[in-house]
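Quick note: numbers below take in every heavy atom, side chains included, and nothing from hydrogens, waters or symmetry partners. Here is how names work: the chains are called A, B, and so on, in the same order as the sequence lines, proteins then strands, and each is numbered from 1.
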Amino acid sequence: MKASQFFIATLKEAPADAEVISHKLMLRAGLIKRLAGGIYTWMPLGLRILRKVENVVREEMNRAGAIELLMPAVVPAELWQETGRWDQYGPELLRFKDRHQRDFVIGPTHEEVIADVARREIKSYRQLPLHLYQIQTKFRDEIRPRFGVMRGREFLMKDGYSFHASYEDLQREYQNMHDTYSRIFTRLGLKFRAVAADTGSIGGTGSHEFHVLADSGEDAIAFCPDSGYAANVELAEAVAPAVARNGHTEHMLKVATPGKTRCEDVAELLRLPVTRTVKAIAVMHDEQFFLLLLRGDHSLNEVKASKLPFLNPFRFASDQEVEQHLGCRPGYIGPVGIGPGIAVVADRTVAQMSDFVCGANEAGYHLTGVNWSRDLREPDYVFDIRNVVEGDSSPDGRGRLELCRGIEVGHIFQLRSKYSEAMKATFLDESGQPRIMEMGCYGIGVTRIVGAAIEQNHDERGIIFPRNIAPFEVAIAPIGYGKSQSVRDAASALYAELLADGYDVLLDDRDERPGVMFADLELIGVPNRITIGERGLKEGVVEFQERRDMAAVKVPLAEIGAFVRDRLGA
RNA sequence: CGGGGUGUAGCGCAGCCCGGUAGCGCGCCUGGUUUGGGACCAGGAUGUCGGAGGUUCGAAUCCUCUCACCCCGACCA
């Protein structure tokens with residue numbers, strides 16, 4: 001590609017509304033243009049990158065035995081009503097009516113459509129297993145789109161669905177996809193981790209997420225370097241303390257803590273470690289009032305709490321409700337002296353505590369030296385309802401947990417029969433009996449990968465794309481292209497040679513000043529650059545430079561083609 | 001949805017408090033000089049000041065409404 005015949009539109013200053021680095025760099029490099037909140041145009045340069053990611057995904061999916069198809073983005077409501085998700089999905093699902101007032105959605109995912117395909121087409125166990133996938137634009141009306149392409153509303157996704165005659169075969173394909181995803185992200189040049197995950201609204205049993213590791217990631221990941229355990233914090237189990245509850249040593253005492261409504265502040269005032277305090281969170285299920293108890297330095301895991309049958313679903317109690325049930329405004333509430341009608345759910349850690357501090361249900365006061373049984377009844381329920389913290393024991397009992405952040409770029413699920421049952425997707429087995437198909441589903445956020453790759457690979461000059469997704473593998477930067485015949489000849493000859501060798505090469509023939517040219521090539525992330533100038537040509541050399549370490553190597557002009565082949569491989 | 005903030009040229013911003021009809025940098029156009037790290041000189045184009053209504057002789061500026069965008073949101077302990 002010649003730069004003069006392409007479209008490069010870089011910016012010196014990033015638009016002010018960009019927050020994370022990948023968003024800023026994508027705007028500055030001219031990869032995307034915002035059209036509306038969470039909706040972007042992929043400019044030619046950005047599209048090259050997106051297509052490369054897409055193609056790696058496609059190649060590996062095909063290699064793994066999946067078959068590509070393309071489903072409509074617009075889906076009739078009846079299919080969604082059939083599985084009940086029309087009512088469950090909420091405002092994230094973009095709904096609209098056609099001219100006949102019939103309801104439609106723009107598909108945020110395609111379980112219903114594929115299950116419809118499967119039930120129409122698959123009649124016999126002989127047709128199984130079958131894995132169909134597509135790479136298609138999705139729309140989810142996110143509450144708060146942000147971070148550019150990382151949480152957009154419209155995005156490109158690879159979604160695959162597999163159908164099986166048995167659970168065992170589903171598990172085989174699940175492992176196949178686990179391996180395939182690992183290969184994909186390896187080929188894309190990303191540092192990633194597969195973690196056990198919650199199944200969320202999709203439903204089903206087993207599930208893994210694939211995260212690109214980056215500090216700006218929206219998800220927290222717990223992992224154990226010793227055992228290899230890894231899970232999304234939403235799911236990671238906080239194991240019960242190994243030690244039994246200590247006997248009490250203090251009397252319960254009411255102490256004045258005016259203005260101290262946070263555990264940290266109370267602990268500081270009382271000169272106690274925050275690990276001696278207990279926080280109470282008031283929640284409602286239907287019209288029933290619950291107190292959730294956590295150690296002062298721990299935080300509630302809403303996903304875990306939601307899974308408790310007697311709390312599903314719950315919401316946080318309003319200030320009025322707190323006052324109505326405890327006779328006290330929020331800030332000083334606690335489990336001591338409450339009515340029998342209020343159920344107390346203690347985190348495992350709290351259930352093991354003794355001589356602790358909690359709110360006195362009286363504004364401006366806390367209680368110290370509180371002990372279970374002696375000062376209040378034992379908790380009604382004891383469950384793991386907190387987020388794990390760094391240093392917790394690994395749930396597999398081997399070592400301690402560490403935390404890091406990740407960007408979710410892939411998610412695989414064992415759906416089992418949730419959709420096939422709702423949509424009556426059956427097949428005839430060997431004995432001629434109808435049976436429900438086992439289903440798996442496997443997603444990759446193609447768009448998001450581009451953002452994630454940049455989060456992980458950039459410096460102060462701009463993007464450093466991994467070679468397999470770079471818009472160009474190598475750029476030729478001729479200095480004085482317009483003036484110097486010898487530079488022009490050398491650049492053109494090299495361009496032709498690299499093209500013939502099959503490289504994705506950019507010849508920057510815009511006749512820009514060197515500073516402009518270098519800055520652009522560095523910003524857009526071209527991983528290799530060959531600089532050709534009269535100065536070097538007089539000595540018969542050109543310069544080869546890698547984007548990542550920037551050390552220039554002088555290479556004789558006659559050998560540069562061979563040098564590139566040696567350096568980049570065929 | 002609640003809270004906070006911002007809308008002025010393609011991008012980044014000033015002007016707004018103290019009304020007098022718009023400015024800076026980058027980019028863009030023309031000519032010239034330059035050419036190994038975002039050049040220099042000279043000339044030039046570009047704005048319904050997010051939109052609607054109001055106050056006023058006069059509104060980017062004051063008032064009301066609206067739209068768009070950005071940031072934050074269990075921390076009840």
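- Set against B:G25, B:U35, B:G38, the side chain of A:Glu13 has B:G25 as its closest nucleotide.
- Rounded to whole Å, the separation between the P atoms of B:C16 and B:U33 comes to 44 Å.
- Taking the side chain as every heavy atom from C-beta outward, A:His23 and A:Arg146 never approach each other to under 4.5 Å.
- Nucleic acid contact class of A:Val516 (heavy atoms, under 4.0 Å, all strands): base.
- Remark: the separation of the P atoms in B:G51 and B:A9 is 10 Å, to the nearest Å.
- Two residues are said to be in side-chain contact when any heavy atoms from C-beta on lie closer than 4.5 Å; A:Ile39 and A:Phe139 meet this criterion.
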With the sugar-phosphate defined as primed atoms, P, OP1 and OP2, and the base as all remaining atoms, what B/S/- string results for nucleotides 69-74 of chain B, 5' to 3', for protein heavy atoms under 4.0 Å?
SSSB-B

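- Between A:Phe155 atom CZ and A:Arg448 atom CZ the span is 8.0 Å, to the nearest 0.5 Å.
- B:G25 and B:C63 are spaced 34 Å apart, taking the C1' atom of each and rounding to whole Å.
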Quiz: residues 236-243 of chain A side-chain donor-acceptor pairs under 3.5 angstrom, not counting sequence neighbours:
residue  : atom : partner  : partner atom : Å
A:Glu237 : OE2  : A:Arg348 : NH1          : 2.9
A:Glu237 : OE2  : A:Arg348 : NH2          : 3.3

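- Between A:Lys12 and the phosphate of B:G27, there is a side-chain N or O to OP1/OP2 separation shorter than 4.0 Å.
- A:Arg276 comes within 4.0 angstrom of nothing in the nucleic acid, heavy atoms only.
- Distances from the side chain of A:Arg529 to the nucleotides B:G37, B:G38, B:G36 place B:G37 closest.
- Looking at A:Leu326 and A:Ile342, their side chains come closer than 4.5 Å, going by heavy atoms from C-beta outward.
- Residue-level contact check: A:Lys483 touches the bases, meaning some heavy atom is under 4.0 Å from a base atom.
- Across all strands, A:Asp511 comes closer than 4.0 Å to no nucleic acid atom at all (heavy-atom distances).
- A:Gly536 comes within 4.0 angstrom of a base, heavy atoms only.
- The aromatic ring centroids of A:Phe544 and A:Phe563 lie less than 6.0 Å from each other.
- Straight-line distance between the C1' atoms of B:C49 and B:G7: roughly 10 Å, to the nearest whole Å.
- Look at A:Arg513 and you'll find a side-chain N or O under 4.0 angstrom from OP1 or OP2 of B:A39.
- Set against B:C76, B:G38, B:G12, the side chain of A:Arg262 has B:C76 as its closest nucleotide.
- Within the 4.5 Å cutoff, side-chain heavy atoms of A:Phe518 are placed close to those of A:Thr531.
- Base engagement by A:Ala317 is indicated by at least one non-hydrogen atom pair under 4.0 Å involving a base atom.
- When Watson-Crick and G-U wobble pairs are counted only if both distances are under 3.5 Å, B:C13 pairs with B:G23.
- Using a 4.0 Å heavy-atom distance criterion, A:Glu321 is classed as making no nucleic acid contact.
- In the set B:G37, B:G36, B:G12, the nucleotide with an atom closest to the side chain of A:Glu543 is B:G36.
- Only the P atoms considered, B:G5 is 15 Å distant from B:C62, to the nearest whole Å.
- Base pairing analysis places B:C69 opposite B:G5; the two distances defining the Watson-Crick or G-U wobble pair are each below 3.5 Å.
- The partner of B:U34 is absent, by the rule that a Watson-Crick or G-U pair needs both atom distances under 3.5 Å.
- When Watson-Crick and G-U wobble pairs are counted only if both distances are under 3.5 Å, B:U64 pairs with B:A52.
- Rounded to whole Å, the separation between the P atoms of B:A74 and B:C11 comes to 34 Å.
- Comparing the P positions of B:C41 and B:A52 gives a spacing of 41 Å, expressed to the nearest Å.
- Atom-to-atom distance recorded for A:Ile463:CD1 and A:Glu455:CD is 10.5 Å, nearest 0.5 angstrom.
- For the C1' atoms, the distance linking B:A14 with B:C24 amounts to 7 Å, nearest Å.
- Taking only distance into account, the side chain of A:Glu522 never meets the base of B:G38 through a donor-acceptor pair shorter than 3.5 Å.
- Contact annotation for A:Arg315: no contact, since no heavy-atom pair falls under 4.0 Å across all strands.
- The base of B:G38 does not come close enough to the side chain of A:Glu512 for any donor and acceptor atom to sit less than 3.5 Å apart.
- Atom-to-atom, CG of A:Leu11 to P of B:G25 comes out at 18 Å; the value is rounded to the nearest Å.
- In this entry B:C28 has B:G44 as its Watson-Crick or G-U wobble partner, both defining distances falling under 3.5 Å.
- Residues A:Gln88 and A:Arg85 have side chains that never bring a donor and an acceptor to within less than 3.5 angstrom of each other.
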